[in-house]
Amino acid sequence: MPGIFITGTDTDAGKTVATVLLTHGLRERGIEAVPYKPVQSGAEWKNGEWRAPDVDMYQLLPEMRGEKLHTYLFKKASSPHLAAEEEQAIIDEEAIIKEIRRRSAGKQLVLAEGAGGVFVPLNRKGSSVIDVMAEAALPVVIAARTGLGTINHTMLTIEALQKRSLPIAGLVFSSIVPGEKAMEQDNMRVIQEWSGLPVIGHIPFIEDIQQALQERGRRSEIVKNWAFDRLMEGIESGRNAFI
C-alpha cells in the first residue's frame, strides 16, 4: 500500500502539525498526499456539531476542506479505549485497516496519523496502535519533540518499531515550546547518530502554529529544506520490505 503511518513518541509530540506539513510538502512536489486520522478522542463542539480537532488542522489545507478524514471520533480527551467505553462503542481495528487500504488503493499517498504513541490502547484486549501499524504494513515516520527527555522517548519508540520489523522512513522533530537551541540541536544529533535514521525535517517553535499553517507561504517556508527525497526513498524501501 502506498503511504506512511505517522506516530509520536508520546502525546503532543507534534504529529498533527507534522502530518499537515508533510501533506503540504508532498503535494507541492506533485504527490497526491492525503491525511487520515483513524481514531480521534477529545472532540470539540463547534458550530452545532462535534469536530475532530486534528482533522480541523488538516482542513487548513484548502485541498482537504469538506473531506471526511477520520473514522472514529470520541468526546472524552483520553486514551481511545477509555473514550470509546464512555460512549459504549468498540474500535474495530479491521475497519481501520480496510479504510487505510481503500484510501491508498489508487494514486493517493495516505498519511495515517496515530493516536499518541505506539502503545496507546484501543481496547481492553491488549490491542494498541502498534498492532494496527503492523497490520497496515506502512513505513513509519516518527514525530518527536526536541526538548528534555526526547532521546529516551524516541529511542524507545524506535526500538519498539524495530522489534515489530516495521520500517522507519525517518524522523520529524518539533520544538513544541521555546527551548534551549543548543540542547535541542544536540538531542536531534544524538538520536540521528544512535538510530542511523534520516531526519526529514524540523518544525521550529511558532507562537500561533495554527495561524501559520493557514498560510501557504508559511507552510512552504517551514518545509523548504526538508528531506522529501529521503522520505520517498524510505517509503519505497519500506514498501519493498513487505513484498
Side-chain angles (χ1 to χ4, degrees), residues 3-29 31-80 83 96 99-100 103-104 108-117 120 129 132 138 140-146 170-177 200-224 226 228 231:
I4 53 178
F5 203 107
I6 300 168
T7 192
T9 53
D10 53 10
T11 301
D12 294 331
K15 293 188 311 299
T16 302
V17 174
T19 301
V20 171
L21 289 169
L22 287 169
T23 301
H24 172 79
L26 288 165
R27 293 184 77 92
E28 274 198 326
R29 289 155 179 79
I31 297 166
E32 194 176 340
V34 177
Y36 166 57
K37 181 80 174 184
V39 183
Q40 170 87 78
S41 55
E44 297 177 351
W45 183 256
K46 291 182 179 179
N47 301 321
E49 64 177 340
W50 289 103
R51 302 281 302 178
D54 291 355
V55 172
D56 281 349
M57 290 283 278
Y58 301 163
Q59 292 177 341
L60 295 176
L61 302 174
E63 304 92 337
M64 300 299 118
R65 288 173 190 162
E67 296 290 330
K68 186 177 185 296
L69 300 170
H70 68 279
T71 296
Y72 292 101
L73 176 62
F74 303 112
K75 300 180 184 68
K76 188 177 182 67
S78 69
S79 174
I96 294 172
E99 185 64 11
I100 291 174
R103 289 174 181 271
S104 60
Q108 290 184 342
L109 185 99
V110 65
L111 278 66
E113 181 193 347
V120 166
V129 172
V132 170
L138 296 177
V140 179
V141 168
I142 299 171
R145 296 178 295 106
T146 55
L171 301 152
V172 174
F173 286 101
S174 294
S175 295
I176 305 298
V177 296
I200 304 304
H202 171 229
I203 304 166
F205 174 75
I206 299 172
E207 187 69 43
D208 189 345
I209 186 65
Q210 187 161 341
Q211 176 62 38
L213 292 179
Q214 291 184 49
E215 304 171 22
R216 175 178 290 274
R218 292 290 300 279
R219 298 194 300 267
S220 298
E221 178 68 20
I222 294 168
V223 303
K224 69 177 182 180
W226 284 24
F228 284 98
L231 174 62

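As a basis for the values below, the full set of heavy atoms in this structure was taken, side chains included, without hydrogen atoms, waters or symmetry mates.
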Checklist entry - Which heavy-atom pair separates Glu99 from Tyr36 by the least distance, and what is that distance? => result CG-OH, 3.3 Å
Checklist entry - Between the side chains of Ser41 and Ser78, is a donor N or O closer than 3.5 angstrom to an acceptor N or O? => result no
Checklist entry - For Ala83 and Lys76, which heavy atoms make the closest approach, and how far apart are they? => result CB-O, 3.6 Å
Checklist entry - Taking atom CE of Met64 and atom CG of Asp56, what is their separation to the nearest 0.5 Å? => result 14.0 Å
Checklist entry - Do you know the tightest heavy-atom contact between Gly170 and Ile200? => result CA-CG1, 3.9 Å
Next on the checklist: Test your reading of the model: is there a side-chain donor-acceptor pair from Arg145 to the backbone of Ala13, 3.5 Å cut-off?
Outcome noted: no
Checklist outcome for this item: Here the gap from Ile31 atom CD1 to Leu109 atom CG, rounded to the nearest 0.5 Å, amounts to 6.5 Å
Checklist entry - With a cut-off of 6.0 Å (strictly less than), are more than 12 heavy atoms of other residues, nucleotides or ligands near CD of Glu49? => result yes
Item to check | Candidate pair Phe173 and Ile203, rule side chain to side chain contact (heavy atoms under 4.5 Å, CB included), full reasoning | outcome: CA-CA 6 Å; Phe173 286 101; Ile203 304 166; over 6 Å; no
Next on the checklist: Within the structure provided, determine whether Ile206 and Ile222 are in side-chain contact (heavy-atom separation under 4.5 Å).
Outcome noted: yes
Next on the checklist: Determine whether a donor-acceptor pair (N or O, by modelled atom type, separation under 3.5 Å) exists between the side chain of Arg51 and the backbone of Glu44.
Outcome noted: no
Checklist entry - CD1/Ile96 to OH/Tyr72 distance, rounded to the nearest 0.5 angstrom? => result 6.0 Å
Checklist entry - Has the side chain of Gln210 got a donor or acceptor atom that lies under 3.5 Å from a matching backbone atom of Met57? => result no
Item to check | Worked verdict on Ile142 versus Thr7 for side chain to side chain contact (heavy atoms under 4.5 Å, CB included) | outcome: CA-CA 5 Å; Ile142 299 171; Thr7 192; 4.2 Å; yes
Item to check | Distance, nearest 0.5 Å, that separates OG1 of Thr16 from CG of Leu213 | outcome: 10.5 Å
Checklist entry - Can you check side chain to side chain contact (heavy atoms under 4.5 Å, CB included) on Val55 and Leu73, steps first, answer last? => result CA-CA 10 Å; Val55 172; Leu73 176 62; over 6 Å; no
Checklist entry - Are side-chain heavy atoms of Tyr58 and Val34 found at a separation under 4.5 Å? => result no
Item to check | Derivation and outcome, side chain to side chain contact (heavy atoms under 4.5 Å, CB included), residues Leu26 and Leu111 | outcome: CA-CA 10 Å; Leu26 288 165; Leu111 278 66; 4.1 Å; yes
Checklist entry - Should Phe205 and Ile176 count as side-chain neighbours, where that means a heavy-atom distance under 4.5 Å? => result no
Next on the checklist: Taking the basic N atoms (NZ, or NE/NH1/NH2) and the acidic carboxylate oxygens, is any pair closer than 4.0 Å for Lys224 and Glu221?
Outcome noted: yes
Checklist entry - Which pair of heavy atoms, one from Pro80 and one from Val120, lies closest together, and at what distance? => result CD-CG1, 3.2 Å
Checklist entry - Quick one: CG on Leu61 to CD on Gln214, what's the gap to the nearest 0.5 Å? => result 10.5 Å
Item to check | Close side-chain approach of Thr23 to Glu63, heavy-atom, < 4.5 Å | outcome: no
Checklist entry - Is the shortest distance from a Lys or Arg side-chain nitrogen in Lys15 or Asp54 to a carboxylate oxygen in the other one below 4.0 Å? => result no
Next on the checklist: I need the Ser104 OG to Ile4 CD1 distance, nearest 0.5 Å.
Outcome noted: 12.0 Å
Checklist entry - Which atom pair, heavy atoms only, marks the closest approach of Ser175 to Thr146? => result OG-OG1, 3.3 Å
Checklist entry - Under 4.0 Å between a Lys/Arg side-chain N and an Asp/Glu carboxylate O for Glu113 and Lys37? => result yes
Checklist entry - For Trp226 and Leu21, which heavy atoms make the closest approach, and how far apart are they? => result CH2-CB, 3.9 Å
